[in-house]
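Following: one structure in C-alpha cells, then a few remarks.
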Amino acid sequence: MQITKTPIDHYIAGRVVPNASGRTQDVTNPATGAVTGAVGLASAAEVDAAVKAAAAAFPAWADTPPIRRARVMFKFLELLNQHRDELAHLITAEHGKVFTDAQGEVTRGIDIVEFACGIPQLLKGDFTEQVSTGIDNWTLRQPLGVVAGITPFNFPVMVPMWMFPVAIAAGNTFVLKPSPTDPSASLRMAELLKEAGLPDGVFNVVQGDKVAVDALLEHPDIKAISFVGSTPIANYIYETGARHGKRVQALGGAKNHMVVMPDADIDQAVDALIGAGYGSAGERCMAISVAVLVGDVADRLLPKLLERTKTLKVLDGENLEAEMGPIVTKAAHERITGYIDLGVKEGATLLADGRVFDGAKAGSGCDNGFWMGGTLFDHVTPDMRIYKEEIFGPVLSCVRVPDLKEAVDLINAHEFGNGVSCFTRDGNVAREFGRRIQVGMVGINVPIPVPMAWHGFGGWKRSLFGDMHAYGEEGVRFYTKQKSIMQRWPESIGKGAEFVMPTAK
C-alpha cells in the first residue's frame with residue numbers, strides 16, 4: 001500500500017513555497033513509527049531566495065517605529081495564546097514529548113514574545129549633554145540586517161522563539177532553518193506572524209539539512225547566526241560563521257549534574273531527579289544526566305529513585321497521564337541503546353534498564369514506536385564515556401563523592417558547563433556552590449534552572465561558542481549594533497584647524 005506523505009515546504013516572502021530541490025526527508029510520529037510527512041530539503045538557491053526576500057523587506061521594517069513593531073508582537077502574542085494547544089499537538093505528533101510538556105514549551109516561548117513587546121524601552125540609548133563645549137554625545141542601537149536561526153529538534157517552538165521575536169522586534173529580518181525532524185510548527189508560526197500583521201519577507205522559513213546550513217553560513221547578506229545544538233556542530237557553526245564575517249551565537253551540548261548533599265530533603269531530590277532526568281525522554285540540553293551523591297546520601301536516595309524510575313508512566317504523549325514519551329527517532333533510539341550497552345561494558349552498575357521497555361504498553365498502535373524506559377546507573381566514574389559524553393536520552397548516571405569540594409571539582413573538570421543544580425538546606429553550602437561552580441546556569445534546589453525571558457540563556461566552556469547569551473538584554477545586544485553620535489552646531493565651533501587628539505574643553 002502506498003503511504004501518503006504530507007509535503008512540508010518552505011515559507012518565503014509571505015507564502016508557502018513548494019520545495020524545488022528534489023530532496024526530501026521523512027517525518028515520523030515517534031509514538032507509532034508511522035511516516036506522516038515529507039519535509040523538503042532546500043538547495044542553496046532556495047536559501048538564497050529566502051535571504052533575498054528578507055533583504056528586500058529589511059529597509060522598510062528597520063524604518064518602522066519600534067512601537068509599531070511592538071504592536072505586531074503584541075498581536076502575535078495574542079494569537080499564540082489562542083493557538084497554544086494547536087502548537088503543542090504539532091510538537092507531540094512530530095517530537096513525541098508528552099502533551100503537557102509541549103504546552104510548557106510553548107508557554108516558555110511565549111514568555112520571550114512578551115519580553116520582545118517591550119522593545120521600545122529595550123532600544124533606548126544614552127545621552128550626555130555638553131561632553132565638551134557645545135558638543136552633545138549619544139548612543140543608539142540599530143538592527144544588523146538579515147539574521148538567521150538554526151534550531152534543534154528538541155524544542156521546535158521554544159528555541160526559535162529564543163531568537164526571532166527579539167531579532168524582529170529590534171528591526172531585523174529573519175530566516176529560520178528548523179530541524180527537519182519536526183518542521184511543521186515553524187510553518188504554523190510563520191502563518192501566525194503574517195496574521196499578526198508582519199510584512200512579507202520579514203520572517204522566512206527554509207527547511208533543510210547541512211546544505212541549507214552551509215548556504216546560510218556562507219551567504220554574504222546574512223549578518224548574524226544563532227544556533228542551538230550539539231557541541232561539535234556548534235563549534236563548526238561558530239568557526240565557519242566567524243570566518244565569513246558574521247556575528248555568531250552558538251549554544252552547544254551539556255552534561256548537567258545535580259549535587260545532592262546529605263542534608264537535602266530526599267523526597268524532593270528524588271522528585272527533581274525523576275522530572276529533570278526523564279522528562280522529555282532526557283532530550284533537553286538542560287536535562288539532569290548525572291546525580292552527584294555526596295557522603296551517605298546515596299544509600300538513602302537510591303532505593304526511592306530506583307522505585308520511581310521503574311514505575312515511570314511511559315505512554316503516548318497524547319495521553320494526559322504520560323510522564324515520558326518516546327525517543328524522537330529510530331536513529332536516536334539506537335544511539336542511546338549503544339550508550340547503555342557501553343555503560344554495562346565499562347563496569348557501571350545497571351539498576352534500571354530502559355532497553356527492555358515494551359512499546360505495546362505505551363498505547364494503541366505504539367508497537368512500532370521508538371520506545372525506551374528510564375535507565376539508571378550507579379557507581380559511574382569520571383573515566384567512563386557514559387559520564388563524559390552527552391547521551392541525550394533517558395539515562396541517569398549516579399556518581400558517589402565524599403564531600404562538596406570533590407563534587408565541585410568533579411563538575412568543574414568537565415568540558416561542558418551548561419546547567420547544574422545543588423540540593424541542600426545549608427545556606428553557606430548553597431552560597432559557596434554558586435560562587436565556585438564553573439557553569440553558566442545554576443540552580444539551588446531548582447533542578448532545571450532555565451532563566452526567565454528577561455535574564456538570558458547560555459552556558460560556559462564548550463556549551464557556548466560566542467560571548468552573548470540567548471534572549472534577554474544580551475539577545476537585544478546580539479541583534480543590534482551600537483552607534484555613537486557626537487553633535488556640534490556651527491555657532492559653537494571655534495576657528496582654525498585642530499591637529500591634536502580632541503579632549504573635553
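- A donor-acceptor contact shorter than 3.5 Å is absent between the side chain of H10 and the backbone of P18.
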Check: Would V106 and I91 satisfy side-chain contact (heavy atoms from CB on, under 4.5 Å), going step by step from the backbone distance to the final call?
Finding: CA-CA 9 Å; V106 178; I91 295 168; 3.8 Å; yes
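- Between R284 and D101 a salt bridge is recorded (basic side-chain N to carboxylate O distance below 4.0 Å).
- E191 has a carboxylate O that lies under 4.0 Å from a charged side-chain N of R188, or vice versa, which qualifies the two as a salt bridge.
- No side-chain heavy atom of T181 sits less than 4.5 Å from a side-chain heavy atom of V27.
- A distance of 16.0 Å separates CD1 in I119 from CZ in R68, rounded to the nearest 0.5 Å.
- Considering every non-hydrogen atom in both Y236 and L217, the closest pair reads CE2-CD1, 3.9 Å.
- The minimum heavy-atom distance linking A212 with Q207 is given by the pair CB-O, 4.4 Å.
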Item checked: salt bridge (Lys or Arg N to Asp or Glu O under 4.0 Å) between K255 and E390, intermediate numbers included -> CA-CA 6 Å; K255 197 71 177 181; E390 183 176 38; over 6 Å; no
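- With a 4.5 Å cut-off on side-chain heavy atoms, L198 and F76 do not count as touching.
- Within the 3.5 Å criterion, the main-chain N or O of T64 finds a donor-acceptor partner in the side chain of R69.
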Next item on the list: Would you please test Q249 and S226 for side chain to side chain donor-acceptor pair (under 3.5 Å) and show each step?
Entry: CA-CA 5 Å; Q249 171 192 77; S226 298; 3.0 Å; yes
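- Judged purely by atom type and a 3.5 angstrom limit, N235 has no side-chain atom pairing as donor or acceptor with the backbone of F465.
- Proximity of Q142 to T480: side-chain heavy atoms (C-beta onward) are nowhere separated by under 4.5 Å.
- Annotation for E474: atom CD counts as buried by contact number, over 12 foreign heavy atoms lying within 6.0 Å.
- In terms of heavy atoms, C285 sits closest to F392 at N-CE1, 3.7 Å.
- No more than 12 heavy atoms of other residues, nucleotides or ligands sit less than 6.0 Å from atom CZ of R15.
- Put simply, the side chain of K330 never gets that close to the backbone of P30: no donor and acceptor are under 3.5 Å apart.
- For the residue pair R488 and I135, the shortest heavy atom distance occurs at CD-CG1, 3.5 Å.
- The CZ atom of R335 sits 7.5 Å away from the OG1 atom of T329 when rounded to the nearest 0.5 Å.
- To the nearest 0.5 Å, the span separating NE2 on H469 from CZ on F457 amounts to 9.5 Å.
- Side-chain atoms of Y339 never come within 3.5 Å of backbone atoms of L342 as a donor-acceptor pair (strictly under, hydrogens ignored).
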Next item on the list: Tell me, with the steps shown, if H219 and D48 meet side chain to side chain donor-acceptor pair (under 3.5 Å).
Entry: CA-CA 8 Å; H219 202 292; D48 183 59; 2.7 Å; yes
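- With Y479 as the aromatic partner, K223 does not meet the cation-pi criteria of under 6.0 angstrom to the ring centre and within 45 degrees of the ring axis.
- A donor-acceptor pair under 3.5 Å links the side-chain atoms of N204 to the main chain of G201, judged by distance alone.
- Within the 4.5 Å cutoff, no side-chain heavy atoms of E323 are placed close to those of Y278.
- Shown are R84, E94, Q103, E318; of these, the side-chain hydrogen bond (donor to acceptor under 3.5 Å, both in side chains) with H89 is made only by E318.
- Rounding to the nearest 0.5 Å gives a distance of 6.0 Å between CG of L90 and OG of S184.
- Within the model, atoms CG of L140 and CD1 of I485 stand 4.5 Å from one another, a figure rounded to the nearest 0.5 Å.
- For an aromatic pair to be called close, the ring centres must be under 6.0 Å apart, and F115 with W454 fails this.
- At least one donor-acceptor pair closer than 3.5 Å links the side chain of E46 to the backbone N or O of S43.
- By the 4.5 Å heavy-atom criterion applied to side chains, L41 and P180 are counted as neighbours.
- Judged by distance alone, the side chains of S484 and N137 do bring a donor and an acceptor atom under 3.5 Å apart.
- Side-chain contact between W162 and L251 is present, with heavy atoms from C-beta onward closer than 4.5 Å.
- Of all non-hydrogen atoms in A287 and G282, the two that sit nearest each other are CB-O, 3.8 Å.
- The neighbour count for K52 NZ, taken as heavy atoms of other residues, nucleotides or ligands under 6.0 Å away, does not exceed 12.
- Checking side-chain atoms of S186 against main-chain N and O of P183 turns up a donor-acceptor pair under 3.5 Å.
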Margin query: Between T128 and W138, is the side-chain contact (heavy atoms from CB on, under 4.5 Å) condition met? List the steps.
Written below: CA-CA 6 Å; T128 302; W138 69 90; over 6 Å; no
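- Between F203 and F164, a ring centre-to-centre spacing shorter than 6.0 Å is recorded.
- Counting heavy atoms from C-beta outward, V146 and F174 have side chains that stay 4.5 Å or more apart.
- Using modelled atom types, one side-chain atom of K246 and one backbone atom of I222 make a donor-acceptor pair closer than 3.5 Å.
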Check: Step by step, would you call R355 with I336 a side-chain contact (heavy atoms from CB on, under 4.5 Å)?
Finding: CA-CA 9 Å; R355 297 170 298 181; I336 297 164; over 6 Å; no
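- At distances below 3.5 Å, at least one donor-acceptor pair connects side-chain atoms of T375 with backbone N or O atoms of G354.
- The two residues E105 and P156 have their closest heavy-atom pair at OE2-N, 3.1 Å.
- With rounding to the nearest 0.5 angstrom, the OG1 atom of T240 is 7.0 Å from the CG atom of D214.
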Check: Does the side-chain contact (heavy atoms from CB on, under 4.5 Å) test come out yes or no for D85 and F99, once each step is laid out?
Finding: CA-CA 9 Å; D85 286 355; F99 179 67; 3.9 Å; yes
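- Partner of N19 under the side-chain contact (heavy atoms from CB on, under 4.5 Å) criterion, chosen from V206, I8, D9: D9.
- Looking at F153 and E283, their side chains come closer than 4.5 Å, going by heavy atoms from C-beta outward.
- Ring centers of H414 and Y387: under 6.0 Å apart, within the cut-off.
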